[in-house]
Amino acid sequence: MAISHDPRGTAPSEDHAGWLEVIVDGMTFDLSGLRPAPYIDAEVAEYFYDIGENVPSKVAAMPVVSGPHLAGAERTLPVVRGMMRAARHLCDAPGLIGVAWTPARSWMSVSYFGSVVDAWLAGGPFPALGLTSVKPVFDGGLQTEGLAYFIGQELRIEPEVAADRVAATRIAARLINSLVESGPIDESMSVTGPDGERLSLSPSANGKFIRLKAG
């Protein structure tokens, strides 16, 4: 990561203070919150990974957003990888208590974020528990939050498959890893579970969900 533009050097003013443009993998990202840092409401987070739920209700943030030239592509995997690489470079900042990913309403410890993102950037699995989240729903099933940011659909695991929550979460992570690469589905297909069981994936009637069912 390198600084590609520092507005203080071209038009010093209060309007330009506190942000930088950085370049990662040939893409630019805006890093703000340097002076003064904006405060975000940490209470909107619902999912915590290796970080206690006693995060202060208001925390100073350093938002990283894709540059204007990436408008319309900010949800694609190459851009998200670049953003994660930029965020990874910031993990050594003094006083950093965690990393937030708002599409999944998740908070991650710096060490957890670093481990899952480093693995992904090195060719490993997508950080399914962090850049997406998995939550129980009222009927006993499980449902993702944040997958729609990438593919426009959330994954729903029906109750008969979700009875073993640990196993179902592992299945969800495997499917999320596959779906972020392949994209949304618009027709039913068969998949094999971790124990060789036959499962089926099908789009919901409104197209907003992918339903995983037995058989």
Side-chain angles (χ1 to χ4, degrees), residues 22 24-25 27-33 38 40-51 55 59 61-88 90-91 98-109 112-121 123-137 141-157 168-186 201-212:
V22 298
V24 180
D25 298 339
M27 298 174 286
T28 61
F29 299 88
D30 291 341
L31 170 61
S32 59
I40 62 171
D41 187 354
E43 293 179 351
V44 300
E46 289 287 338
Y47 312 99
F48 300 85
Y49 300 98
D50 193 40
I51 189 170
V55 176
V59 293
M62 291 190 296
V64 180
V65 298
S66 53
H69 74 293
L70 297 172
E74 58 271 11
R75 301 186 181 199
T76 62
L77 289 187
V79 174
V80 175
R81 283 192 182 98
M83 181 182 293
M84 293 302 109
R85 199 181 300 277
R88 187 69 182 89
L90 298 173
C91 284
V99 179
W101 179 246
T102 54
R105 294 197 294 165
S106 64
W107 269 95
M108 295 164 272
S109 72
Y112 178 87
F113 174 80
S115 66
V116 297
V117 166
D118 285 351
W120 183 42
L121 295 178
F126 177 81
L129 299 181
L131 297 192
T132 61
S133 298
V134 179
K135 62 181 179 181
V137 290
L142 293 176
Q143 185 174 304
T144 61
E145 183 162 352
L147 181 60
Y149 179 85
F150 298 97
I151 69 169
Q153 294 173 314
E154 296 290 356
L155 173 66
R156 173 179 161 79
I157 300 180
T169 300
R170 289 174 181 162
I171 293 172
R174 290 176 55 186
L175 288 173
I176 292 166
N177 180 66
S178 175
L179 289 166
V180 294
E181 294 286 349
S182 61
I185 69 168
D186 56 11
L201 285 173
S202 59
S204 63
N206 62 11
K208 294 182 179 180
F209 297 91
I210 298 170
R211 301 176 63 192
L212 179 69

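Positions are given from 1 along the sequence.
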_Going by ring-ring contact (aromatic ring centres under 6.0 Å, His included), name the residues that satisfy it together with Phe209, two or more places apart in sequence or in a different chain._
none
Sequence neighbours excluded and cut-off under 3.5 Å, please list the side-chain donor-acceptor pairs for residues 74-81, or say none.
from, atom 1, to, atom 2, distance (Å)
Glu74, OE1, Gly72, N, 2.7
Thr76, OG1, Ala73, O, 2.7
Arg81, NH2, Glu181, OE2, 3.4

Does the side chain of [Y] come within less than 4.5 Å of [X]'s, by heavy atoms?
| X | Y | result |
| --- | --- | --- |
| Tyr112 | Leu129 | yes |
| Leu155 | Leu201 | yes |
| Arg85 | Phe29 | no |

*Please answer whether the main-chain N or O of Lys208 pairs with a side-chain N or O of Asn206 as donor and acceptor at a distance below 3.5 Å.*
yes
Determine all donor-acceptor pairs shorter than 3.5 Å in which one atom belongs to a side chain in residues 61-71; sequence neighbours excluded.
from, atom 1, to, atom 2, distance (Å)
His69, ND1, Thr28, OG1, 3.0

*Only one of Ser133, Ser109, Ser106 forms a side chain to side chain donor-acceptor pair (under 3.5 Å) with Tyr49, so which one is it?*
Ser133
*Qualifying residues under side chain to side chain donor-acceptor pair (under 3.5 Å), relative to Thr132, sequence neighbours excluded*: none
*Sequence-distant partners of Tyr47, side chain to side chain donor-acceptor pair (under 3.5 Å), two or more places apart*: Glu145
Show me the side-chain donor-acceptor pairs of residues 171-179 shorter than 3.5 Å, one per line, residues at least two apart or across chains.
from, atom 1, to, atom 2, distance (Å)
Asn177, OD1, Phe126, N, 2.8

*Can you list the steps and then say if Phe113 with Ile51 is a side chain to side chain contact (heavy atoms under 4.5 Å, CB included)?*
CA-CA 10 Å; Phe113 174 80; Ile51 189 170; over 6 Å; no
*Heavy atoms only: give me the nearest Gln153-Pro203 pair and the separation to one decimal.*
NE2-CB, 4.3 Å
*Roughly how far, to the nearest 0.5 Å, is CG of Asp186 from CD1 of Ile210?*
10.0 Å
